[in-house]
Protein chains: 2
Amino acid sequence: MNKEDILQTNIDPLLTYFDKLIPLNSEEKKWVTDLFKPRLYRKRQYVLQEGVVCNQFNFVVRGCLRLYKIDDKGNTHIIQFSAENLWLMDIGSFHQRNASALNIDALEDTMVLQISYDNLISLYLKSPKFDRIFRVLIENSFVSLQQRLLQNISSTAEERYLSFLQTYSHLHNRLPQTQIAAFLGVSPEFLSRLRHKQAKKA
Amino acid sequence: MNKEDILQTNIDPLLTYFDKLIPLNSEEKKWVTDLFKPRLYRKRQYVLQEGVVCNQFNFVVRGCLRLYKIDDKGNTHIIQFSAENLWLMDIGSFHQRNASALNIDALEDTMVLQISYDNLISLYLKSPKFDRIFRVLIENSFVSLQQRLLQNISSTAEERYLSFLQTYSHLHNRLPQTQIAAFLGVSPEFLSRLRHKQAKKA
DNA sequence: ACTACATCAAGAAATAGGGTTGATCCAGAT
DNA sequence: ATCTGGATCAACCCTATTTCTTGATGTAGT
């Protein structure tokens, strides 16, 4: 994909996404078009850095972001990946307006459509339909998160890996295994050995 | 140079730079130390993106930045490189507070000391010495720019390349030729051929 | 003592970035 | 009309970086 393509990104994927949840009229579409701004993040670029307030609600049009925490020992723990048509932000920091303890950065060159806190509030004021849309959207994310938590507390690394393969089969071929390891919560070496074991089985 | 080293950068190069223009007293040095913030940009990371207001005046401590415009056809035209002890910003956007049409990004991992618009204004108010320093600094940049323009309108690509070699001999071994080509305004292939020709001559 | 992991070091393999070359084309100057 | 100063496209090569694997060794909990 060349730079032109990535810069020409329009708002369509987002409108389509909303339309699938709740159909929008043309006025509402115009508001969305005006208030969401496209932005390109390059691979490794920070979208949100620990210590600052998360001020943007991000919709990924193309590419892939990760939300993660760096612990005291310097290890990275990935909370969430977001690729095409998914959302990503630190929702706590965003709504409580306090400094985030999390980081977001780009694993690939990534085009997002982002809306600022103030503009999102103004969107809610324009029509309650957006309250509903964003409620549903957050509910969906919540469900995924809950499943992931359940996986994590109840499964061995191997089981978590197999589950990841099912749930994120599209990302599996796309992300470096170091990132998948940081998502599963194992060392890259151990993931490599799990894969080796799986390959022998098949 | 590893990440730790680059993060330990202190304010000295900037104070030295100012001192050479106009000696600063210790109070003034303290202001500078307080108002300029170090920041690391990783290779390929944006420092300024088209469409946003340039809000930082950047002094490069280590690394190299480029200021460039992407035209309608998607071609990149490099206006300026800035390596150690040079400044870079979109000065029009910075002072008029309007959206920039230009981009700045890092060609190497780059440590800058940057001062925000508001803080620069407050620095000017603290002492007129800073007005003078920044006047001189801009004048110097202006002269370079004028020379470059003159080169551009009056010379063939080969002449521009030779002139680049003289003026930026330190950057010549450091930057990819694609970047030099974008600076000279020729295709990378053509630059490659120019170099081939030069090599045969010598 | 066995399982389920971590850590460190060394290499191998894969990919991306950068450079060169040939072929072909085109616009303006002569 | 053709020569010069370029552009564009495709193919290929080289090298550096990133990613993956493997072996050796260690450790906490059952």
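Each chain gets a letter, A, B and so on, in the order the sequences are listed, and its residues count up from 1.
Nearest nucleotide to the A:Pro176 side chain, out of C:dC5, D:dT19, D:dT22: D:dT19. Which of C:dG22, C:dG19, C:dA4 sits closest to the side chain of A:Phe190 comes down to C:dA4.
No N or O donor and acceptor, one from the side chain of B:Arg193 and one from the base of D:dG5, sit under 3.5 Å apart.
Straight-line distance from the CZ atom of A:Arg42 to the P atom of C:dA16: 16 Å, rounded to whole Å. Summarising the geometry, the separation between NE2 on A:His196 and P on C:dA4 is reported as 17 Å, rounded to the nearest angstrom. Taking atom CD on B:Glu108 and atom P on C:dG18, their separation rounds to 11 Å, with Å as the unit. Taking atom CG of B:Asn75 as the reference point, atom C1' of D:dG6 lies 14 Å away to the nearest angstrom. When the C1' atom of C:dA4 is taken as reference, atom CG of A:Leu184 falls 15 Å away, rounded to whole Å. Atom-to-atom, CG of B:Leu175 to C1' of C:dG18 comes out at 13 Å; the value is rounded to the nearest Å. Straight-line distance from the CD atom of A:Glu189 to the P atom of D:dC20: 12 Å, rounded to whole Å. Atom CD1 in B:Ile180 sits roughly 12 Å away from atom P in C:dG18 (whole-Å rounding).
Aromatic ring orientation, A:Phe81 versus A:Phe183: parallel (interplanar angle below 30°, classes split at 30° and 60°).
B:Arg44 comes within 4.0 angstrom of nothing in the nucleic acid, heavy atoms only. In this structure, A:Arg195 reaches the sugar-phosphate backbone alone: every heavy-atom distance under 4.0 Å involves primed, P, OP1 or OP2 atoms, never a base. Among the protein residues, B:Thr178 comes within range of the sugar-phosphate backbone only, with heavy atoms under 4.0 Å from sugar or phosphate atoms but none that close to a base.
With DNA chain D read from its 5' end, the first of the two nearest nucleotides for B:Val186 and A:Leu191 is the one closest to B:Val186. Residue-to-nucleotide proximity on DNA chain C shows that, of A:Lys43 and A:Ser187, the 5′-proximal contact is made by A:Ser187.
Applying the 4.0 Å criterion to OP1 and OP2 of D:dT19, one finds that A:Arg174 has every side-chain N and O outside that range. Considering only side-chain N and O atoms, B:Gln177 lies under 4.0 angstrom from the phosphate OP1 or OP2 of C:dT20. Applying the 4.0 Å criterion to OP1 and OP2 of C:dG18, one finds that B:Gln179 has every side-chain N and O outside that range.
Judged by the 6.0 Å distance and 45° axis criteria, B:Arg195 is not positioned over the aromatic ring of B:Tyr161.
Salt bridge A:Asp109/A:Arg62: absent, no basic N to carboxylate O contact under 4.0 Å.
B:Met111 and B:Pro38 get closest at one heavy-atom pair: SD-CB, 4.0 Å.
The residue from A:Phe18, A:Trp87, A:Phe134 that alone fulfils the ring pair (Phe, Tyr, Trp, His ring centres under 6.0 Å) condition with A:Phe59 is A:Trp87.
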